Protein chains: 2
Amino acid sequence: MHSERPTLRAVAERSGVSMKTVSRVVNGERYVAADTAARVLSVAAELGFRPNTLAREFRAGGSSATVGLVTGDVANPFYARIARGAEHALRDPGLSLLSASNDEDAARERTLVAHLVERRVSGLLVVSADDDHTLLARERTLGTPVVFLDRAPADVAADSVVLDNAGGVRVAVEHLLERGHRRIGLIGDLSRLSTHRERVDAFGTAMRAAGIPDWERWVRSDSHDLDEASRAARDLVDGPDAPTAIVTTNNRITTGALRAFVDRPERPALVGFDDFDLADVLGVTVIAHDPDAMGSVGARELLARIAGDDGPPRHHVLPVRLVVRASSSTSR
Amino acid sequence: MHSERPTLRAVAERSGVSMKTVSRVVNGERYVAADTAARVLSVAAELGFRPNTLAREFRAGGSSATVGLVTGDVANPFYARIARGAEHALRDPGLSLLSASNDEDAARERTLVAHLVERRVSGLLVVSADDDHTLLARERTLGTPVVFLDRAPADVAADSVVLDNAGGVRVAVEHLLERGHRRIGLIGDLSRLSTHRERVDAFGTAMRAAGIPDWERWVRSDSHDLDEASRAARDLVDGPDAPTAIVTTNNRITTGALRAFVDRPERPALVGFDDFDLADVLGVTVIAHDPDAMGSVGARELLARIAGDDGPPRHHVLPVRLVVRASSSTSR
DNA sequence: TTGAAAGCGCTAACAG
DNA sequence: CTGTTAGCGCTTTCAA
């Protein structure tokens with residue numbers, strides 16, 4: 001019970017017309033007699049004919065109606081929502097999403113990008129884990145549009161969609177300062193990531209502005225998984241001169257910190273970057289934003305480039321806003 | 001600054017060798033003189049040559065090194081983890097994931113499946129929102145292997161990977177009964193989904209076995225988003241003869257229920273299907289399982305089929321286990 | 001309204 | 001070790 005998938009030629013032979021005629025019918029072109037069209041369609045349905053997109057796109061000599069999305073991990077809710085936003089924006093124009101995770105590894109990302117380009121994706125959306133973007137710059141030059149998401153490229157003039165990292169962290173720190181906190185800690189992601197650096201820099205700026213020069217004592221970086229984040233949180237709180245408040249720089253780290261304090265009656269105030277599903281239930285103050293928008297804005301930008309727009313690179317900065325909940329409500 | 005992407009022919013001309021030789025070099029075949037290979041590679045690198053996978057796959061006459069994944073919503077953590085599991089399993093064999101969301105809409109799913117088949121994916125992993133699987137059955141017959149995830153097909157003999165839905169719900173209900181609960185409610189997803197029906201059936205069976213014949217009074221179905229789930233939860237608790245415990249049948253519904261009770265001091269005991277990131281922090285008892293495994297087991301099954309295995313359909317049932325936390329610890 | 005021929009980029013098969 | 005030929009499934013171009 002395993003027949004072969006019929007080709008357009010097979011349909012043509014079975015209907016006694018030329019391949020071109022079948023092609024016309026299948027593509028809904030005009031100038032086909034109604035009865036011819038009907039016959040062809042019935043044969044096509046009977047045989048289970050499916051036009052071969054591979055052949056079509058190949059013949060067109062160009063790219064495939066596909067966009068590559070490279071993120072750190074599809075299962076991270078932040079990236080998953082970017083994927084959803086992108087998918088929705090690409091739906092109408094008829095493009096599909098080829099998604100791949102780089103596991104925050106630069107070498108793997110290069111392999112993925114090469115694969116995707118060889119597959120002739122129409123464009124690339126990438127949350128890059130690499131700080132050398134010469135490969136991506138090259139591909140861009142050779143005709144594959146690239147839009148950088150979340151992390152702007154340091155060395156390439158290309159489109160980007162990022163968050164207002166500095167603004168978010170500044171507001172968070174000011175909020176905590178207003179509540180009387182002075183010893184404020186920060187738990188951050190891999191220090192090689194530009195977003196991390198921006199967030200830490202903004203943190204330092206806000207702390208210095210508040211007259212707290214030794215802010216670096218309470219900074220813990222490179223917490224990329226939940227356990228590391230928990231450890232960093234405990235480390236901060238158990239250390240001498242422990243902070244009374246902590247800023248976590250992404251949803252994973254926030255989760256890790258929450259776990260660290262689950263069995264402790266005394267908890268520092270907490271503000272986390274990224275909103276998350278149960279933040280309201282848990283009463284966690286967050287720097288909220290819309291990851292779907294990052295995906296959809298990036299996808300629309302890419303669509304413009306695919307359509308031939310070769311204007312100068314555009315940089316989108318998505319807004320963030322502080323959502324105050326119980327975790328930062330107690331004053332010092 | 002927008003050159004053209006060179007073809008293998010261009011590389012051949014620039015290096016003064018035949019296309020076949022370039023092909024050999026690019027594919028790492030033997031029987032190429034070292035210096036020839038070196039020259040070709042340097043020209044290829046200089047020109048930014050990328051073998052055209054579209055052409056290669058097309059030429060091979062077959063399918064693309066791609067697997068289609070159809071779920072309800074890439075951003076739902078359950079589906080996102082399935083995607084991750086699948087992606088990891090497909091990584092080594094060199095297949096990419098083309099993922100698409102059906103928004104739990106049958107018509108949309110059919111469009112997606114058609115698109116993916118036309119793109120000649122090597123196989124399909126689908127969490128189907130459709131209860132008529134004749135289309136998928138047809139494609140399977142025509143040579144595109146299909147593995148059903150989470151929801152087994154009613155009408156097609158095909159591979160599937162599902163959870164032990166009945167076992168999970170039974171254990172949850174028994175756990176609540178042991179704690180003395182008798183009026184136990186259930187909040188469920190769309191009633192047309194087979195998983196929902198299995199879970200409700202198992203619920204009814206366990207309740208009847210406990211001598212509670214009027215269990216249906218506390219069943220609320222068709223809560224597909226967070227707000228509906230919250231509403232159902234409040235409805236149950238505010239109703240006459242309110243249940244003292246509630247079973248929620250998936251992670252979204254659990255979240256909705258938690259939101260419904262966030263500002264209420266009196267909360268029913270709760271057991272949720274699907275574990276989730278902050279369940280430990282929130283102390284929510286859950287029926288846990290491993291969604292990544294669903295993706296990877298499904299992908300491996302698909303790989304076997306792609307490799308030509310045409311044995312009888314295999315049905316994998318993944319285990320679930322009750323993780324008891326505070327939300328069900330109070331006895332009645 | 002329909003058809004014939006050519007070719008997209010690449011590689012298998014078969015020489016040399 | 002290297003080259004030539006042919007063709008994958010489809011659509012564009014040009015004729016009929």
Side-chain angles (χ1 to χ4, degrees), chain A residues 4-41 43-44 47-65 114-115 117-122 142-144, chain B residues 4-41 43-44 47-66 115 117-122 142-144:
Chain A
E4 266 314 291
R5 200 171 277 286
T7 65
L8 189 146
R9 156 172 280 120
V11 176
E13 282 165 7
R14 273 285 290 264
S15 351
V17 296
S18 74
M19 286 176 57
K20 178 63 218 185
T21 298
V22 177
S23 174
R24 273 192 267 259
V25 173
V26 168
N27 293 294
E29 288 175 36
R30 287 170 319 173
Y31 306 127
V32 181
D35 58 331
T36 310
R39 186 155 33 94
V40 168
L41 283 177
V43 170
L47 263 42
F49 171 73
R50 292 276 177 209
N52 187 331
T53 302
L54 249 38
R56 218 197 293 241
E57 292 175 339
F58 161 66
R59 148 82 223 200
S63 50
S64 109
H115 276 327
V117 168
E118 291 178 5
R119 196 164 274 298
R120 294 297 186 268
V121 291
S122 294
L142 287 153
T144 307
Chain B
E4 268 312 292
R5 200 172 278 284
T7 65
L8 189 146
R9 157 173 279 120
V11 176
E13 282 165 7
R14 274 286 289 265
S15 351
V17 295
S18 75
M19 286 175 57
K20 180 65 215 183
T21 297
V22 176
S23 173
R24 273 193 266 259
V25 173
V26 168
N27 293 293
E29 288 175 35
R30 288 171 318 173
Y31 305 129
V32 181
D35 58 329
T36 311
R39 185 154 35 94
V40 169
L41 284 177
V43 170
L47 263 43
F49 171 74
R50 291 276 177 209
N52 188 332
T53 301
L54 249 39
R56 220 198 291 241
E57 291 176 339
F58 161 66
R59 145 85 222 198
S63 50
S64 109
T66 274
H115 276 327
V117 168
E118 291 178 5
R119 196 163 273 299
R120 295 297 188 269
V121 292
S122 293
L142 261 40
T144 307

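Proteins get letters first, then strands, A, B, ... in listed order; numbering begins at 1 in each. Predicted model, so just to flag it, every value in this text is computed and none were measured.
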Give every donor-acceptor pair under 3.5 Å between a side-chain atom in residues 8-17 of chain B and any protein atom, sequence neighbours left out.
residue	atom	partner	partner atom	Å
B:R14	NH2	B:E46	OE1	3.4
B:R14	NH2	B:E46	OE2	2.7
B:S15	OG	B:V11	O	2.3

Side-chain donor-acceptor pairs under 3.5 Å in residues 57-66 of chain B, sequence neighbours left out?
residue	atom	partner	partner atom	Å
B:E57	OE1	A:R119	NH1	3.1
B:E57	OE2	A:R119	NH1	3.3
B:E57	OE2	A:R119	NH2	2.7
B:E57	OE2	B:A65	N	2.8
B:S63	OG	B:S122	OG	3.4
B:S64	OG	B:T66	OG1	3.2

Enumerate the protein-to-nucleotides 12-16 of chain D contacts in which both atoms are nitrogen or oxygen and the separation is below 3.5 Å.
residue	atom	partner	partner atom	Å
D:dT12	O4'	A:R59	NH2	3.0

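In terms of the side-chain hydrogen bond (donor to acceptor under 3.5 Å, both in side chains) criterion, A:R120 has no residue partners (sequence neighbours excluded). Taking the side-chain hydrogen bond (donor to acceptor under 3.5 Å, both in side chains) definition, one finds that A:R56 meets it with A:N27, sequence neighbours left out. By the side-chain hydrogen bond (donor to acceptor under 3.5 Å, both in side chains) test, A:R24 is found to be paired with no residue, residues two or more places apart in sequence or in another chain being considered. For B:A33, the side-chain contact (heavy atoms from CB on, under 4.5 Å) partners two or more places apart in sequence, or in a different chain, are B:D35, B:T36.
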Test B:L142 against A:R50 for side chain to side chain contact (heavy atoms under 4.5 Å, CB included), laying out the working first.
CA-CA 10 Å; B:L142 261 40; A:R50 292 276 177 209; 5.7 Å; no

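Taking side-chain N and O atoms only, B:T36 has no distance below 4.0 Å to OP1 or OP2 of D:dC1. For B:T21 and D:dG3, the shortest distance from a side-chain N or O to OP1 or OP2 is below 4.0 Å.
Each end of the helix from C:dT1-D:dA16 to C:dG16-D:dC1 gets its own axis, taken as the rotation carrying the C1' atoms of four end pairs onto the next four within a five-pair window, and the two axes meet at 40° to the nearest 10 degrees.
Between A:T144 and A:V121, the shortest heavy-atom contact is CG2-O, 4.0 Å. Minimum heavy-atom separation, B:T7 to B:F49: C-CE1, 3.5 Å.
Distance A:E57 CD to D:dC8 C1': 16 Å, rounded to the nearest Å. Taking atom CZ of B:R9 as the reference point, atom C1' of D:dT4 lies 13 Å away to the nearest angstrom. With rounding to whole Å, A:F58 atom CZ is found 12 Å from D:dC8 atom P.
Residues from residues 49-56 of chain B placing a heavy atom under 4.0 Å of any atom in DNA chain C, listed by number, are B:F49, B:P51, B:N52, B:A55, B:R56.
Two residues, B:V17 and A:L8, neighbour DNA chain D, and the one matched to the more 5' nucleotide by heavy-atom proximity is B:V17.
For DNA chain C, the outermost nucleotides in 5' to 3' order that have an atom under 4.0 Å from a heavy atom of chain A are C:dT1 to C:dG9.
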